Amino acid sequence: MRTKQFKAESKKLLDMMINSIYTHKEIFLRELISNASDAMDKLYYHSLSDGNTGLSRNDLEIRIDVDKENRILSISDNGCGMTEEELEKNLGTIARSGSLDFKQSSEKQEDVDIIGQFGVGFYSAFMVSDCVTVVSRAAGSDEAWKWTSRGAEGYTVEPCEKAENGTVVTLHIKPDEGEEDYSTYLETYTISSIVKKYSDYIRYPIRMDVQTKKHKEGTEDEYEDVTETRTLNSMVPIWKKNKNEVTDEEYESFYREKFYDYEPPVKVIHSKVEGAVTYSALLYIPSHAPFDYYSKEYEKGLQLYSSGVMIMDKCADLLPEYFSFVRGLVDSEDLSLNISREMLQHDMQLKVIAKSLEKKIRTELKKLMENDRESYEKFFSAFGTQLKYGVYENYGQNKEAVQDLLMFVSSAEKKPVTLSEYVSRMPESQSDIYYACGETADKIDLLPQTEQLRDKGYEILYMTENVDEFAVKMLMEYEGKHFKNICADSLDLSTDEEKEALKEKNEQAKDLFERMKEAIGDGVQAVRFTNKLKNHPVCLTSEGDLSVEMEKVLNSLPNAGNVHARLILEINENHPIADKLTTLASSDPDKIADYAKVLYAQARLIEGMPIDNPTEISSLICGWMAEA
Ligand code: ADP
């Protein structure tokens, strides 16, 4: 018989299992039981969708058998089984290879990470055994196959006999070694407690023969050895239990196992609803984004159960896009078991459930924000971007639902604040919500336009993500306060007299500005004096809806058009350069063009925008330096 090699990734994982120093090796049993349970779900589900009602859930069970003497532990199920190809495919490669983002190093420490992270599945059997065989017969087939492996050197597959459909996984338990007591996995007591700990809710009975002593009938003190078959699990799914019957650890371990997350969630939402529809939901808000979250690969959705039977793995219709990070499941008796995917989309009950879940999630997130700010901030740093997209999506259709969950870092304490917090501490003289866009808070602080706001004691919200300004433009206002970009030309905090004086000054300098604009070219719409700068000589502002930051974002998108914000070059009327320009206008107008170019280049650089003519600018400046 030919020994076949594992695929490279599988081999790596396998090596890691075999040499594992992981302290919770017992989870191998959880993994194998979970596979068995899945296999029975599949069989049951298929029998339903095939219209074959001959199969009853009661016919399905998981068995654990122990042969201490030969160090054998086996887990059997009468589920869907595997064909020869499936054995090859499923056990020769890692199903979740996509999510197994191996860190390159093979340091032993790292196995803890991987195992905790993904619950590694079938291969975890190799943490406790030196030889694993899988005998399987697919439902509907009359052939059975035996897969055998002693570890990393490969595996064999050969035909064999098996009376019924299903799978038997047989482990030859490793000899004890040093601190490692593998023999414990052959003890019925250990096995029962592992099952209780991790697999109690499994919906099929997990049965094991247990040797006990019983009173010999008709005697007072004589005992005999008897074998009793016990069901080790309670079979009540965790979400069907009452909240006070479930410990935090149980919620957490269920989460890890089911959703392959290595970090505990920031929030568990367990709710039972009765009324127009009746359902139980167990939802989790993860504490970090999965590696593929912000990519097309990520599939949102909740598991959907109908009276305890899973009918869909990722029901996308249960979650709005802006809450796509929520993991969990919903179980309702109001849904028909045989419902197809297409029908589900139009199912009224499902719509009602989705609506009620959305509200629940929103309320719980708000509570978290109010009662456990640290966790909320953690959550927000992982999924805030998604919420902001939520505001922007569908032309702002959901903005009301999401706006209260948003946070932006503000200039006051350099900490994230909610919009409601911002508004509540606005000084009386302030009528708008001010924001500024840039790569980082520090860079925004350097913008000349921030000076006047700081002087007035107004807070600025830093928008450092691409989506930020788009979201804010969609919101338009919050609690009646409008959002104002501090870099927009319309921002004007001066008094009427100041405005009038400035207008006059600009009027007088009309020719000067005409000349400057001519020298700069299409880059700017206009040049003018401003009173909004304190120390800085120049700034760029934008006119109309498209801001400088939006221009940057839009131009960086794939197949971007070449969009341009309408820019105004503003010159600080109180800076000596303003006087210098006015003087030049009458004494040496030919020099104005060079001044204009350099001032414009400076303004672009301050905004973090590129310049087209760096050599020209450099030689102009050096020329002046040499003269000075
Ligand atoms: P996962 O269960 O996460 O997919 P595993 O490595 O545990 O990963 O198992 C790989 C695949 O092998 C499963 O997806 C399933 O298709 C198949 N498999 C494992 N155990 C069984 C079983 N007892 N019956 C049927 N198929 C099984």
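Counting starts at 1 for both ligands and their atoms, in listed order. Bear in mind that the values here come from a model prediction, so they are computed numbers and not experimental data. All heavy atoms count here, side chains included; hydrogens, waters and symmetry mates do not.
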- Message: So Ser183 and Ile173, do their side chains get closer than 4.5 Å, heavy atoms only?
- Response: no

- Message: For the backbone of Pro265 and the side chain of Ser287, can you confirm whether one donor and one acceptor N or O come within less than 3.5 Å of each other?
- Response: no

- Task: Find the distance between CD (Gln386) and OH (Tyr294) and round it off to the nearest 0.5 Å.
- Result: 5.5 Å

- Task: May I ask you to decide if the ring planes of Tyr155 and Trp147 are parallel, tilted or perpendicular, using 30° and 60° as cut-offs?
- Result: parallel

Going by distance only, is there an N or O of [X] that falls short of 3.5 Å from an N or O of ligand 1?
{"X": "Tyr123", "answer": "no"}
{"X": "Phe122", "answer": "yes"}
{"X": "Asp38", "answer": "no"}

- Item | Result of checking Met208, Gln211, Lys214 against Glu228 for side chain to side chain contact (heavy atoms under 4.5 Å, CB included) | Lys214

- Hey, which of Asp77, Asp59, Asp41, Asn233 is the one that makes side chain to side chain donor-acceptor pair (under 3.5 Å) with Tyr204? Asp41

- Location of contacts on Leu32 toward ligand 1, heavy atoms closer than 4.0 Å: neither

- Mode of Asn90 contact toward ligand 1 - side chain, backbone, both, neither (heavy atoms, under 4.0 Å): both

Residue [X] vicinity, atoms of ligand 1 by number, heavy atom under 4.0 Å:
{"X": "Lys42", "value": "16 (O)"}
{"X": "Met82", "value": "17 (C), 18 (N), 21 (C), 25 (C), 26 (N), 27 (C)"}
{"X": "Tyr260", "value": "3 (O)"}

- Task: May I ask whether Glu31 has any heavy atom positioned less than 4.0 angstrom from an atom of ligand 1?
- Result: no

- Query: Between Tyr284 and Tyr251, does the ring centre distance come in under 6.0 Å?
  - Reply: no

